[in-house]
Amino acid sequence: QVQLEESGGGLVQAGGSLRLSCVVSGRTLSNYDMGWFRQAPGTEREFIGCIRRSGTSVSYVDSVKGRFTISRDNAKNTAYLQMNSLKPEDTAVYYCAAAGRYRATPHIEFYDYWGQGTQVTVSS
């Protein structure tokens with residue numbers, strides 16, 4: 001059974017930073033492309049970015065480019081989302097997801113496993 005657990009969320013002022021972690025258990029992280037998503041109240045889950053198994057290819061949605069950085073440490077079975085210059089509109093529950101059967105894409109249906117989410121709140 002593969003499990004994903006996010007941590008690192010919290011309350012931060014606009015302009016601040018947070019780093020989210022996603023620990024994978026049950027199987028080795030290197031078996032999966034990893035994606036990060038977020039969901040604000042009343043909205044659909046939104047793709048933020050993804051990183052390939054090897055870590056050599058990373059993609060981001062335009063709204064976070066230059067502010068967010070996705071990385072991974074396969075030896076620690078952990079993926080990361082570093083968020084800088086946070087804005088109030090970044091407030092959401094953040095999720096990590098693992099894609100084993102397919103390459104990571106912006107599409108939710110291609111991911112096999114999801115974490116429970118961690119709340120990020122950015123105050124103005």
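This one's a predicted model, so the numbers in the text were calculated from it and none came from an experiment. Hydrogens, waters and symmetry mates are skipped; everything else that's a heavy atom, side chains included, is used.
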Inset, instruction - Kindly check if the number of other-residue, nucleotide or ligand heavy atoms within 6.0 Å of CD (Gln116) is above 12? - result: yes
Inset, instruction - Please indicate whether Glu109 has more than 12 foreign heavy atoms, meaning atoms of other residues, nucleotides or ligands, lying under 6.0 Å from its CD. - result: yes
Inset, instruction - Could you give me the CA-CA distance, side-chain angles and deciding distance for Asp112 and Arg101, then say whether side-chain contact (heavy atoms from CB on, under 4.5 Å) is met? - result: CA-CA 8 Å; Asp112 301 298; Arg101 296 172 295 153; 2.4 Å; yes
How long is the span from the [atom1] atom in [X] to the [atom2] atom in [Y], to the nearest 0.5 Å?
{"X": "Gln39", "Y": "Gln119", "atom1": "CD", "atom2": "CD", "result": "11.0 Å"}
{"X": "Gln1", "Y": "Ser25", "atom1": "CD", "atom2": "OG", "result": "9.0 Å"}
{"X": "Tyr113", "Y": "Tyr32", "atom1": "OH", "atom2": "OH", "result": "4.5 Å"}
{"X": "Leu29", "Y": "Asn74", "atom1": "CG", "atom2": "CG", "result": "4.5 Å"}
{"X": "Arg38", "Y": "Thr43", "atom1": "CZ", "atom2": "OG1", "result": "9.0 Å"}
{"X": "Gln82", "Y": "Ser21", "atom1": "CD", "atom2": "OG", "result": "9.5 Å"}

Can you confirm whether [X] sits close enough to [Y] that some side-chain heavy atom of one is under 4.5 Å from a side-chain heavy atom of the other?
{"X": "Ser63", "Y": "Glu46", "answer": "yes"}
{"X": "Val61", "Y": "Phe68", "answer": "no"}
{"X": "Met83", "Y": "Asp90", "answer": "no"}

Between the main-chain N or O of [Y] and the side-chain N or O of [X], is there a donor-acceptor pair closer than 3.5 Å?
{"X": "Ser85", "Y": "Arg67", "value": "no"}
{"X": "Asn77", "Y": "Val24", "value": "yes"}
{"X": "Thr28", "Y": "Ser30", "value": "no"}
{"X": "Thr121", "Y": "Leu11", "value": "no"}
{"X": "Asp33", "Y": "Ala104", "value": "yes"}

Closest approach of [X] and [Y], non-hydrogen atoms and distance?
{"X": "Glu6", "Y": "Gly117", "value": "OE1-N, 2.8 Å"}
{"X": "Ala99", "Y": "Arg53", "value": "O-NH2, 3.3 Å"}
{"X": "Asn84", "Y": "Ser17", "value": "OD1-OG, 2.9 Å"}
{"X": "Arg27", "Y": "Asn31", "value": "NH2-ND2, 3.3 Å"}
{"X": "Leu86", "Y": "Val12", "value": "CD1-CG1, 3.6 Å"}
{"X": "Ser124", "Y": "Ala14", "value": "CA-CB, 4.4 Å"}

When you group the ILVMFWY residues by side-chain heavy-atom contacts below 4.5 Å and let the links chain together, are [Y] and [X] in the same group?
{"X": "Met34", "Y": "Val2", "value": "yes"}
{"X": "Leu81", "Y": "Tyr60", "value": "yes"}
{"X": "Leu4", "Y": "Val23", "value": "no"}
{"X": "Tyr94", "Y": "Val58", "value": "yes"}

Legend entry - Between Thr56 and Ser54, a side-chain donor and acceptor under 3.5 Å: yes
Legend entry - Any donor-acceptor N or O pair under 3.5 Å, side chains Thr78, Asp73: no
Legend entry - Sub-6.0 Å ring centroid separation between Phe37 and Trp114: yes
Legend entry - Pair Tyr102 + Tyr111: ring centers closer than 6.0 Å: no
Inset, instruction - With side-chain contact (heavy atoms from CB on, under 4.5 Å) as the test, would you mind laying out the steps for Val93 and Thr118 before giving the verdict? - result: CA-CA 5 Å; Val93 177; Thr118 186; 5.9 Å; no
Inset, instruction - State whether Asp62 and Lys65 are salt-bridged, where the test is any N-O pair (Lys NZ or Arg NE/NH1/NH2 against Asp/Glu carboxylate O) under 4.0 Å. - result: yes
Inset, instruction - Only pairs at least two apart or in different chains count here, so list each disulfide (SG to SG under 2.5 Å) that has a residue in residues 73-124. - result: Cys22-Cys96
Legend entry - Lys NZ or Arg CZ of Arg72 over Tyr80 ring: under 6.0 Å, within 45°: no
